[in-house]
Q: 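Structure incoming, see below.
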Protein chains: 2
Amino acid sequence: MTRKRFDDLDCSIACALNEVGDWWSLLVIKQAMLGTRRYVDFQQSLGIAKNILCDRLSRLVENGVMTRVNVAEHGTRYEYRLTEKGRDLFTVIVALRQWSERWNGSKDTMQLVERASGAPVAQVEVRSADGSALSVREVLFVGENGEPLERAG
Amino acid sequence: MTRKRFDDLDCSIACALNEVGDWWSLLVIKQAMLGTRRYVDFQQSLGIAKNILCDRLSRLVENGVMTRVNVAEHGTRYEYRLTEKGRDLFTVIVALRQWSERWNGSKDTMQLVERASGAPVAQVEVRSADGSALSVREVLFVGENGEPLERAG
DNA sequence: CGAAAAGGGTTGCATTAAAAAACCAAATAA
DNA sequence: TTATTTGGTTTTTTAATGCAACCCTTTTCG
C-alpha cells in the first residue's frame, strides 16, 4: 500500500522526513556538500541505482533542496546544486555524523575542519538562549500558551 | 531486492542511517523524547501499523537506541525507553525540527523551551573550536593526514 | 467469580517501492 | 564516422509497507 505520508501528523519532524527522510536523500545531500554536482558522479560515488537517483534528485528539486542547472553551451549538461535550503541542512548532517561517530566509532577517515584555521569543528549541541548546552532532560515541550504538554526524556 | 545496506559505504552518515534512517524510527524516537514509553501509546500517537512498530522497536533495541523493560509486578508489561545513545539523538531531532520550521513554517504548535528558565532554545549551529558559527562553505573535509579531499559547498 | 477489555504482539494478504540491468537518445570525443 | 559519455526511462524481480484479523496473557469491571 502507499507509503504513509506524514503530512497529517502536524509535526515538523514528520514534515522534514517527507522531504529528506528516505534512505538515499540525505546521502545525496551529504555528497553534494562534498562538492559533487553531476549525475554520474552521484551515481558512482554512492553506488545508487540510476532510477532511484533520478527519482531522488527530482524530488529534492521539487522540494527546493536542490536545483538543476543546464551548464552546457549548446546542448544539455546538467548540474545539481544545493539551494540555500539544502545547504542549511548542514547542521543536521553534521549532528548525525557526530552522533554516529560518538556511538559507532569513526567509519570514514574524513574529518571536518574549519577552512580558515584547519581546526576540527566543535560538537553540535542544543543550547539555551544564554548559550549553555542542554540535554533532552533539561527542556520542555510547551503549547502555544506556554503550558507544559508532556515531559521530555 | 534486498534494500541496500550502507555498511559498505565507509561513511558515518550511512552508518547512522542504517540505524535510525528509515521512515518511522526518528518519529518513534521523537515521540519517546516527548515521554511516550508504552507500545499502545506509540501506536496511537503515531498512527503506525502494529507490525511496523514491532519491527522498528526491535531494531532500535538491537541497535542500542532503546531498551525494553518489563515493569510489571507479576506478569509482563513492557516499557520502551531511550538509552543514553538514544537520548543523544536529541541534537539531531532538534536540528531537523528547526530546519523544517525555518523552511516550511511551524507545523505544530509545540515549542521547545529550557525547563529551568522557560526560554526557547537557541538555533542549533555548527561551530568552530572557538565558538563562531560555521556554514558549509566555511568548512573543509580533510583526510587523516590533513590534506583537503574535496571542496565542500 | 465470569466476562470483557487492554496490552503486546504475530500472521496473511494486497500493494508498492527498491535494485539491477537493459535499453535509448543526444552530445562529445577520438 | 564511430565510440563513448551523460542523463535518463523501462522492465523485471524482490523486499517492505499497510491493513486487518487473530492470539495469548493480564487487568478491570459488574
Side-chain angles (χ1 to χ4, degrees), chain A residues 1-9 14 17-29 31-32 35-63 66-81, chain B residues 1-9 14 17-28 31-32 35-63 66-82:
Chain A
M1 193 148 275
T2 298
R3 164 166 294 161
K4 187 160 211 162
R5 302 272 94 177
F6 294 133
D7 312 297
D8 50 335
L9 299 173
L17 291 176
N18 267 335
E19 298 191 337
V20 296
D22 64 289
W23 288 84
W24 285 109
S25 294
L26 270 184
L27 283 178
V28 169
I29 291 164
Q31 199 62 37
T36 301
R37 294 187 168 173
R38 297 218 320 291
Y39 182 87
V40 284
D41 293 336
F42 282 110
Q43 210 235 308
Q44 285 167 12
S45 59
L46 294 175
I48 182 175
K50 295 171 86 177
N51 50 354
I52 306 296
L53 178 58
C54 269
D55 181 71
R56 291 305 176 275
L57 286 173
S58 310
R59 242 151 44 79
L60 289 172
V61 169
E62 262 179 47
N63 289 328
M66 304 188 83
T67 46
R68 190 170 94 145
V69 185
N70 190 342
V71 292
E73 296 83 22
H74 60 292
T76 52
R77 176 60 52 92
Y78 297 118
E79 273 189 10
Y80 291 88
R81 298 184 191 164
Chain B
M1 193 151 271
T2 296
R3 164 164 292 160
K4 188 158 212 164
R5 302 272 94 179
F6 294 133
D7 312 298
D8 51 336
L9 298 174
L17 291 176
N18 267 335
E19 298 192 336
V20 296
D22 64 290
W23 289 85
W24 284 110
S25 294
L26 269 184
L27 284 178
V28 169
Q31 199 62 38
T36 300
R37 293 188 169 174
R38 295 218 321 290
Y39 182 87
V40 284
D41 293 337
F42 283 109
Q43 211 235 309
Q44 285 168 12
S45 59
L46 295 174
I48 184 176
K50 295 172 87 176
N51 51 350
I52 305 297
L53 178 59
C54 268
D55 181 71
R56 292 304 176 275
L57 287 173
S58 310
R59 239 150 50 75
L60 289 172
V61 169
E62 262 178 47
N63 288 327
M66 302 190 83
T67 47
R68 188 170 95 144
V69 184
N70 191 343
V71 293
E73 295 84 22
H74 59 292
T76 53
R77 176 61 52 94
Y78 296 118
E79 272 189 9
Y80 291 89
R81 297 182 190 166
L82 289 172

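What you see is a predicted model, and the numbers here were worked out from it, not measured in a lab. Residue numbers start from 1 in every chain, and the chains themselves are labelled A, B, ... in the order their sequence lines are given, proteins ahead of strands. For the numbers below, each heavy atom of this structure counts, side chains included, while hydrogens, waters and symmetry mates do not.
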Q: Would you say Gln43(B) and Lys50(B) make side-chain contact, with heavy atoms under 4.5 Å?
A: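 With C-beta onward as the side chain, the pair touches.
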
Q: Base, sugar-phosphate, or nothing: which does Tyr39(A) touch, judged by heavy atoms less than 4.0 Å apart?
A: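 The residue Tyr39(A) makes base contact.
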
Q: Nearest to the side chain of Ile52(A), heavy atoms from C-beta on, is which of dA19(C), dG7(D), dG7(C)?
A: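 Of all the options, the side chain of Ile52(A) is nearest to dA19(C).
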
Q: On DNA chain C, check which nucleotide each of Gln44(B) and Ser58(B) is closest to and give me the residue with the more 5' one.
A: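 Comparing both residues, the 5'-ward one is Gln44(B).
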
Q: Are any of Trp23(A)'s side-chain N or O atoms less than 4.0 Å away from OP1 or OP2 of dA17(C)?
A: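 Looking at the OP1 and OP2 atoms of dA17(C), neither is under 4.0 Å from any side-chain N or O of Trp23(A).
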
Q: Can you find a pair of side-chain heavy atoms, one from Leu60(A) and one from Val20(A), that are under 4.5 Å apart?
A: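 Of all side-chain heavy-atom pairs linking Val20(A) with Leu60(A), at least one is under 4.5 Å.
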
Q: List the atom of Trp24(A), the atom of Ile52(A), and the distance in Å for their closest heavy-atom pair.
A: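 Closest approach of Trp24(A) to Ile52(A): CD1-CG2, 3.6 Å.
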
Q: With a 3.5 Å distance limit and no angle check, can you tell me whether Ser45(B) reaches the backbone of Asp41(B) through a side-chain donor-acceptor pair?
A: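 Checked: pair present.
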
Q: For Tyr39(B) and Cys54(B), indicate whether the former's side chain and the latter's backbone hold a donor-acceptor pair under 3.5 Å.
A: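 No.
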
Q: Just how far, in rounded Å, is C1' of dG9(C) from CZ of Arg59(B)?
A: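 These atoms are roughly 18 Å apart.
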
Q: Rounded to the nearest angstrom, tell me the gap between atom CG in Leu57(A) and atom C1' in dG8(D).
A: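 After rounding, the gap between these two atoms is 11 Å.
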
Q: Check every atom of dG9(C), dG18(D), dT10(D) against the side chain of Tyr80(B) and return the nucleotide holding the closest atom.
A: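 Within the option list, the nearest is dG9(C).
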
Q: Which protein N or O atoms sit under 3.5 Å from an N or O of nucleotides 3-5 of chain C?
A:
none

Q: Considering only side-chain heavy atoms of Lys50(B), which listed nucleotide, dG8(D), dA21(D), dT17(D), is closest?
A: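 Shortest atom-to-atom distance from the side chain points to dA21(D).
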
Q: May I have the distance from Asp55(A) (atom CG) to dT11(D) (atom C1'), rounded to whole angstrom?
A: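 It is 16 Å, rounded to the nearest whole Å.
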
Q: Starting at the 5' end of DNA chain C and moving along, which residue's nearest nucleotide shows up first, Asp22(A) or Arg77(A)?
A: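 Upstream on the strand: Asp22(A).
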
Q: When the distance from CD1 of Ile48(A) to P of dA17(C) is rounded to whole Å, what number comes out?
A: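 The distance from CD1 of Ile48(A) to P of dA17(C) comes to 16 Å, rounded to the nearest Å.
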
Q: Regarding Asp55(A) and Ser58(A), is there a side-chain donor-to-acceptor distance under 3.5 Å anywhere?
A: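 Not at all, the side chains of Asp55(A) and Ser58(A) share no donor-acceptor pair under 3.5 Å.
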
Q: What is the distance from CD of Gln43(A) to P of dA18(C), rounded to the nearest Å?
A: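 In whole Å, dA18(C) P lies 16 Å from Gln43(A) CD.
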
Q: Determine: side-chain N/O of Arg56(B) to OP1/OP2 of dT17(D), distance under 4.0 Å, yes or no.
A: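 The answer is yes; a side-chain N or O of Arg56(B) sits under 4.0 Å from OP1 or OP2.
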
Q: If only side-chain N and O atoms of Arg68(B) are considered, is one of them under 4.0 Å from the OP1 or OP2 phosphate oxygen of dG9(C)?
A: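 Looking at the OP1 and OP2 atoms of dG9(C), one of them is under 4.0 Å from a side-chain N or O of Arg68(B).
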
Q: Which nucleotide sits closest to the side chain of Asn51(A): dT11(D), dG18(D), dG8(C)?
A: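 For the Asn51(A) side chain, the nearest candidate turns out to be dT11(D).
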
Q: Between Tyr80(A) and Phe42(A), what is the ring plane arrangement, given parallel below 30°, perpendicular above 60°, and tilted in between?
A: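 It falls in the perpendicular class, over 60°.
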
Q: Please determine, for the side chain of Cys54(B), which listed nucleotide (dT10(C), dC19(D), dG8(C)) has the closest atom?
A: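 It is dT10(C).
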
Q: Expressed in angstrom and rounded to an integer, what is the separation of Glu79(A) atom CD from dG8(D) atom C1'?
A: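 Rounded to whole Å, this separation is 17 Å.
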
Q: With heavy-atom distances below 4.5 Å as the criterion, would you say the side chains of Trp23(A) and Asp22(B) are in contact?
A: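 Yes, close enough: below the 4.5 Å cut-off.
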
Q: Rounding to a whole Å, what distance do you find between Leu53(B):CG and dT17(D):P?
A: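 Whole-Å distance recorded here is 13 Å.
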
Q: Taking atom C1' of dT5(D) as reference, at what distance in whole Å does atom CG of Asp41(A) sit?
A: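 To the nearest whole Å, that distance equals 12 Å.
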
